[in-house]
Structure formats: C-alpha cells, structure tokens
Amino acid sequence: QVQLVESGGGLVQAGGSLRLSCAASGRTFSSYAMGWFRQAPGKEREFVAAISPSGGSTYYVDSVKGRFTISRDNAKNTVYLQMGSLEPEDTAVYLCNAGRRRVDSMWYQPYNYWGQGTQVTVSS
C-alpha cells in the first residue's frame with residue numbers, strides 16, 4: 001500500500017512557475033516508478049510525466065517537454081514536478097501516481113495508487 005499526498009498547487013500568471021510535491025508513505029517508495037497526471041474540467045485524465053524508481057530515467061508528454069521537470073528524492077519519499085513557462089492550458093488538478101516502468105513505448109503503467117490532487121490555475 002502506498003498513500004500519496006500532493007501539495008504546491010495554486011494560482012499563477014501565464015509564464016510563471018510552480019513546483020508540485022508528492023509525499024508518499026511506506027518503505028517501498030523507491031521500488032515504484034512515479035507519475036504525474038492532470039485532469040481539467042470536462043476532460044479525461046491526462047498523463048504528464050513519469051520517473052523511474054532510481055530517478056535515472058524520465059518521460060514526458062510532448063506538450064510539457066522543455067517546460068516541466070520531474071524528479072524524486074527517495075530518501076524523503078517525495079516526487080516533484082517543477083513547472084515553468086506555464087500556460088492557461090496547463091490549468092488542471094494535478095495528481096500523483098505510483099506505478100511501474102514499462103519496456104514498451106507506453107513507458108509507464110499506473111497502479112491504483114492516487115493522491116487527492118492539487119489545483120493548478122494559470123491565468124492569462
């Protein structure tokens with residue numbers, strides 16, 4: 001079992017930055033790949049970024065490449081999402097997930113471990 005708690009969301013102007021954090025409970029955090037997803041009102045949940053258990057590999061959806069950076073600190077059981085050059089289209093609830101690395105083009109397989117989400121609102 002993994003429990004996840006996100007923080008760091010808020011209201012920011014377009015072009016600004018935010019850093020999201022996701023704190024995980026349990027002693028097996030370092031065995032999971034971790035992912036960030038987002039869901040905007042009326043839209044399906046969308047994959048944003050993922051990181052391997054060691055932190056050595058990362059993967060991003062095309063729309064955030066070069067703007068967002070995922071990282072993790074296994075000693076602190078925490079995964080981060082540094083978001084820059086934010087756009088109004090990035091407005092969503094951002095959710096943290098624990099999963100596994102895949103070897104195919106999908107890269108990341110989410111497990112049914114989700115946080116409650118943190119709201120990010122980008123104003124134009």
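Nothing fancy with the numbering, it's 1 onward along the sequence. The basis for the numbers below is simple: all heavy atoms, side chains too, and nothing from hydrogens, waters or symmetry mates.
The CH2 atom of Trp36 lies 5.0 Å from the SG atom of Cys22; values are rounded to the nearest 0.5 Å. For the atom pair CZ (Arg38) and CZ (Phe68), the distance works out to 5.5 Å, reported to the nearest 0.5 Å. Distance CZ/Arg19 to OG/Ser7: 9.0 Å, rounded to 0.5 Å. Distance check: Met34 CE to Ile70 CD1 gives 8.0 Å after rounding to the nearest 0.5 Å. Between the OH atom of Tyr80 and the SG atom of Cys96 there is a distance of 11.5 Å, given to the nearest 0.5 Å. A distance of 7.0 Å separates CG of Leu95 from CD of Gln39, quoted to the nearest 0.5 Å.
Contact annotation: the side chain of Ser57 approaches that of Trp107 to within less than 4.5 Å [non-hydrogen atoms, C-beta and beyond]. Counting heavy atoms from C-beta outward, Gln119 and Leu11 have side chains that stay 4.5 Å or more apart. Within the 4.5 Å cutoff, no side-chain heavy atoms of Val12 are placed close to those of Met83. Within the 4.5 Å cutoff, the side chain of Phe29 has heavy atoms near those of the Asn74 side chain.
One hydrophobic cluster holds both Tyr111 and Val79 under the rule that ILVMFWY side chains link at heavy-atom gaps under 4.5 Å.
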Report the C-alpha distance between Tyr108 and Ile51 in whole Å, list the side-chain angles of each, state the deciding distance to 0.1 Å, and finish with yes or no for side chain to side chain contact (heavy atoms under 4.5 Å, CB included).
CA-CA 8 Å; Tyr108 181 76; Ile51 189 166; over 6 Å; no
Does the pair Ser63 and Glu89 meet the rule for a side chain to side chain contact (heavy atoms under 4.5 Å, CB included), with working shown?
CA-CA 10 Å; Ser63 60; Glu89 293 73 23; over 6 Å; no
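The nearest pair of heavy atoms linking Ala98 to Val2 is CB-CG1, 4.5 Å. Taking every heavy atom of both residues into account, Ser31 and Pro53 meet most closely at O-CG, 3.9 Å. Thr78 and Ser21 make their closest contact through CG2-CB, 4.3 Å (heavy atoms, listed as atom of the first residue, atom of the second, distance). Taking both residues in full, the closest heavy atoms of Asp90 and Tyr94 are given as O-OH, 2.6 Å, listed atom of the first, atom of the second, then distance. Considering every non-hydrogen atom in both Ala40 and Ala92, the closest pair reads N-CB, 3.8 Å. The minimum heavy-atom distance between Leu4 and Ala24, with the atom names listed, is CD2-CB, 3.6 Å.
Note: Tyr32 and Tyr113 have perpendicular aromatic rings, judged against thresholds of 30 and 60 degrees for the angle between ring planes.
With a 6.0 Å radius and a threshold of 12 heavy atoms from other residues, nucleotides or ligands, Gln116 has its CD atom above the threshold. Within a 6.0 Å sphere centred on CD of Gln3, heavy atoms belonging to other residues, nucleotides or ligands number 12 at most.
In this structure, Arg101 contributes its side chain and Ala50 its backbone to no donor-acceptor pair below 3.5 Å. Thr118 contributes no side-chain N or O that, together with a main-chain N or O of Glu6, makes up a donor-acceptor pair within less than 3.5 Å.
Cation-pi check for Arg102 over Tyr59 is not met; the charged atom does not lie both under 6.0 angstrom from the ring centroid and within 45 degrees of its normal.
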